[in-house]
**Q** 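Before we start, here is the structure in question, set down as structure tokens.
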Amino acid sequence: MEIIIQETQQAATDVAARIIARLLREKPDAVVGLATGSTPLSLYQTLISMDLDWSKVTTFNLDEYIGLPREHPQSYHNFMWGNLFQHINVAKENIHIPDGNAKDIPRFCTEYEERIQASGGIDLQVLGIGTDGHIGFNEPTSSLASRTRIKTLTQQTCRDNARFFGSGETVPHHVITMGIGTIMEARQNLLLAFGENKAGAIAAAVEGPVTSINPASILQMHPSVKVCLDEPAAGGLQRADYYRWVYENKPAWQTF
Ligand code: PGA
């Protein structure tokens, strides 16, 4: 794991954006896994401002609420179109987001996995982290070998996400999410976390034991993970000074 700690959210975002920009320059037909939530918003704004060529890129989103109409402001379809896709030149037919209204959800999930395989696999997966350590919507105790499937959200995640929904609206309890096994097959994972409310989850994921109680901790077993943090999200890390020292001493050819 490469832990990149920056003073501000924007500085950490800029590092993440440069990693993605480099991938798109080196591999114009890259397969990119995308995330939703408040964390990647600044990343998407930065990527939009970089005016990259997405015309040959294929995207796969991590997750979607079950039963929320696509046009609902909080559906992840709506989120992705509003915050990224309508601002870049990605081809509509290359965009994949789980269908939370699929008639046969288990079948849809199997087909989603098949589509990822058929695309050649995900080159880089963008990840946020829940305050409970989830990646995608793989909640604590998710199988570390899981594939795309239906999950029930924890009450904590429902509470965390209630801020996006109107008063009187209920956060859906069920979602489709790529599995942890699916995420682990991405060639590269790029985890972003900002703010002190993520510090505990990040400390457990980076320096704690590998355990399904903190699903993000499985990333310790992945050969290529970069974790972009602002100072508050890095606040619980015991070895933060070492991670800063490593980043400051990177040889020029390794920097982004
Ligand atoms: P957030 O969610 O970016 O809205 O904090 C992250 C997540 O739940 O993965």
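It should be emphasised that the depicted structure is a prediction, and the values quoted were computed from it without experimental measurement.
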**Q** Using only atom types and a distance under 3.5 Å, with no angle test, would you say the side chain of Gln9 pairs donor to acceptor with the backbone of Phe194?
**A** no

**Q** Show every salt bridge (Lys or Arg N to Asp or Glu O under 4.0 Å) that has at least one partner inside residues 23-37, sequence neighbours left out.
**A** Lys27-Asp123

**Q** Any side-chain heavy atom of Phe165 sitting closer than 4.5 Å to one from His72?
**A** yes

**Q** Looking at every heavy atom in both Leu153 and Cys158, which two are closest together, and how far apart are they?
**A** CB-SG, 3.9 Å

**Q** With Thr182 as reference, evaluate Arg149, Gln125, Glu113 under the side chain to side chain contact (heavy atoms under 4.5 Å, CB included) test and give the passing residue.
**A** Glu113

**Q** Quiz question: by atom type and distance under 3.5 Å, do the side chains of Thr152 and Glu139 form a donor-acceptor pair?
**A** no

**Q** Just verifying a value: how many Å separate Ile150 CD1 and Ile66 CD1, rounded to the nearest 0.5 Å?
**A** 3.5 Å

**Q** What pairs with Pro209 under side chain to side chain contact (heavy atoms under 4.5 Å, CB included), at least two apart in sequence or on another chain?
**A** Thr211

**Q** Applying the side chain to side chain contact (heavy atoms under 4.5 Å, CB included) test to Thr36, which of Leu84, Asp63, Leu62, Asn78 qualifies?
**A** Asp63

**Q** Is Met80 reachable from Met178 through a run of I, L, V, M, F, W or Y residues, each pair having side-chain heavy atoms under 4.5 Å apart?
**A** no

**Q** Keeping the roles fixed (side chain from Ser146, backbone from Ile180), state whether a donor-acceptor pair exists under 3.5 Å.
**A** yes

**Q** Report yes if the distance between the aromatic ring centroids of Phe108 and Tyr112 is under 6.0 Å, otherwise no.
**A** yes

**Q** Please report the shortest heavy-atom distance between Ser212 and Ser142, naming the atom on each side.
**A** CB-O, 3.3 Å

**Q** Do Ile3 and Leu190 sit in one hydrophobic cluster, given that two such residues count as connected whenever their side-chain heavy atoms are within less than 4.5 Å of each other, even indirectly?
**A** no

**Q** Considering residues at least two apart in sequence or located in another chain, which fulfil the side chain to side chain contact (heavy atoms under 4.5 Å, CB included) criterion with Thr110?
**A** Glu114

**Q** Are Tyr76 and Leu68 connected in the hydrophobic side-chain network, where two residues link if heavy atoms are under 4.5 Å apart?
**A** yes

**Q** Hey, could you give me the CG/CD1 distance between Leu23 and Ile19, rounded to the nearest 0.5 Å?
**A** 10.5 Å

**Q** Of the non-hydrogen atoms in Ala203 and Gly236, which two are nearest, and what is the gap between them?
**A** CB-O, 3.4 Å

**Q** Determine the minimum heavy-atom distance between Ala21 and Leu52, stating which atoms define it.
**A** CB-CD2, 3.9 Å

**Q** With no hydrogens and no angle check, is any side-chain donor or acceptor of Gln220 less than 3.5 Å from a backbone partner on Gly208?
**A** yes

**Q** Assess whether atom CD of Glu7 is packed by more than 12 heavy atoms of other residues, nucleotides or ligands within 6.0 Å.
**A** no

**Q** Is there a side-chain contact between Phe137 and Pro215, using heavy atoms and a 4.5 Å cut-off?
**A** no

**Q** Could you grab the distance from atom CG of Leu191 to atom CD1 of Ile129, nearest 0.5 Å is fine?
**A** 5.5 Å

**Q** Centroid-to-centroid, Phe79 to Phe164, below 6.0 Å?
**A** no

**Q** Applying the 4.5 Å side-chain criterion to the ILVMFWY set and letting contacts propagate, would Leu41 and Val126 be lumped into a single cluster?
**A** yes

**Q** Quick one, Leu34 and Phe85 - any side-chain contact, counting heavy atoms below 4.5 Å?
**A** yes

**Q** What heavy-atom pair brings His87 and Gly82 nearest, and what distance separates the two atoms?
**A** NE2-O, 2.9 Å

**Q** I need the Ile213 CD1 to Thr141 OG1 distance, nearest 0.5 Å.
**A** 6.0 Å

**Q** Checking side-chain contact (heavy atoms from CB on, under 4.5 Å) for the pair Met1/Tyr243: CA distance, chi angles, key distance, verdict?
**A** CA-CA 10 Å; Met1 266 189 180; Tyr243 311 139; over 6 Å; no

**Q** Check side chain to side chain contact (heavy atoms under 4.5 Å, CB included) between Asn197 and all other residues, then give those that pass, not counting sequence neighbours.
**A** Thr131

**Q** Could you pull out the closest heavy-atom pair between Val171 and Asn161, with the gap in Å?
**A** CG2-C, 4.0 Å

**Q** Roughly how far, to the nearest 0.5 Å, is OG1 of Thr154 from NZ of Lys151?
**A** 9.5 Å

**Q** Is the backbone N or O of Ser42 less than 3.5 Å from a side-chain atom of Thr46, with the two atoms forming a donor-acceptor pair by type?
**A** yes

**Q** Taking the side chain as everything from C-beta on, heavy atoms only, tell me whether Ile176 gets closer than 4.5 Å to Cys109.
**A** yes

**Q** How about CD on Glu169, more than 12 heavy atoms from neighbouring residues, nucleotides or ligands closer than 6.0 Å, or not?
**A** yes

**Q** Take Trp54 and Asn94, measure what side-chain contact (heavy atoms from CB on, under 4.5 Å) needs, and give me the verdict at the end.
**A** CA-CA 10 Å; Trp54 294 78; Asn94 290 348; over 6 Å; no

**Q** More than 12 heavy atoms of other residues, nucleotides or ligands under 6.0 Å from CD of Gln254: is that the case?
**A** yes

**Q** Under 4.5 Å between side-chain heavy atoms, counting indirect links through other Ile/Leu/Val/Met/Phe/Trp/Tyr residues: same cluster for Tyr44 and Met50 or not?
**A** yes

**Q** Quick check: does any side chain N or O of Gln6 sit under 3.5 Å from a backbone N or O of Val15, one acting as donor and the other as acceptor?
**A** no

**Q** Let's go through Gln117 and Glu185 carefully: what are the C-alpha distance in whole Å and the side-chain angles of both, what is the deciding distance for side-chain contact (heavy atoms from CB on, under 4.5 Å) to 0.1 Å, and is it a yes or a no?
**A** CA-CA 10 Å; Gln117 293 293 328; Glu185 281 174 11; 3.5 Å; yes

**Q** Decide side-chain contact (heavy atoms from CB on, under 4.5 Å) for Ile183 and Ile218; before the verdict, give the C-alpha distance in whole Å, the side-chain angles of both, and the deciding distance to 0.1 Å.
**A** CA-CA 10 Å; Ile183 292 168; Ile218 190 65; over 6 Å; no

**Q** May I have all residue pairs that pass salt bridge (Lys or Arg N to Asp or Glu O under 4.0 Å) and include part of residues 100-110, sequence neighbours excluded?
**A** Arg107-Glu111

**Q** Quick check on Gln155: does its CD atom have over 12 non-hydrogen neighbours (other residues, nucleotides or ligands) under 6.0 Å away?
**A** no

**Q** Quick one, Asn61 and Pro98 - any side-chain contact, counting heavy atoms below 4.5 Å?
**A** yes

**Q** With a 6.0 Å cut-off (strictly less than), is the heavy-atom count around CZ of Arg22, excluding the residue itself, greater than 12?
**A** yes

**Q** Got a list of side-chain donor-acceptor pairs under 3.5 Å for residues 221-234, not counting sequence neighbours?
**A**
{"residue": "His222", "atom": "ND1", "partner": "Ser224", "partner atom": "N", "Å": "2.9"}
{"residue": "His222", "atom": "ND1", "partner": "Ser224", "partner atom": "O", "Å": "3.3"}
{"residue": "His222", "atom": "NE2", "partner": "Met184", "partner atom": "O", "Å": "3.4"}
{"residue": "His222", "atom": "NE2", "partner": "Ala186", "partner atom": "O", "Å": "2.6"}
{"residue": "His222", "atom": "NE2", "partner": "Asn189", "partner atom": "ND2", "Å": "3.4"}
{"residue": "Asp230", "atom": "OD1", "partner": "Gly195", "partner atom": "N", "Å": "3.1"}
{"residue": "Asp230", "atom": "OD1", "partner": "Ala233", "partner atom": "N", "Å": "3.0"}
{"residue": "Asp230", "atom": "OD2", "partner": "Gly195", "partner atom": "N", "Å": "3.2"}
{"residue": "Glu231", "atom": "OE1", "partner": "Arg244", "partner atom": "NH2", "Å": "2.8"}
{"residue": "Glu231", "atom": "OE2", "partner": "Arg244", "partner atom": "NE", "Å": "3.4"}
{"residue": "Glu231", "atom": "OE2", "partner": "Arg244", "partner atom": "NH2", "Å": "3.4"}

**Q** Between CG of Leu219 and CG of Asn214, what distance do you get to the nearest 0.5 Å?
**A** 9.0 Å

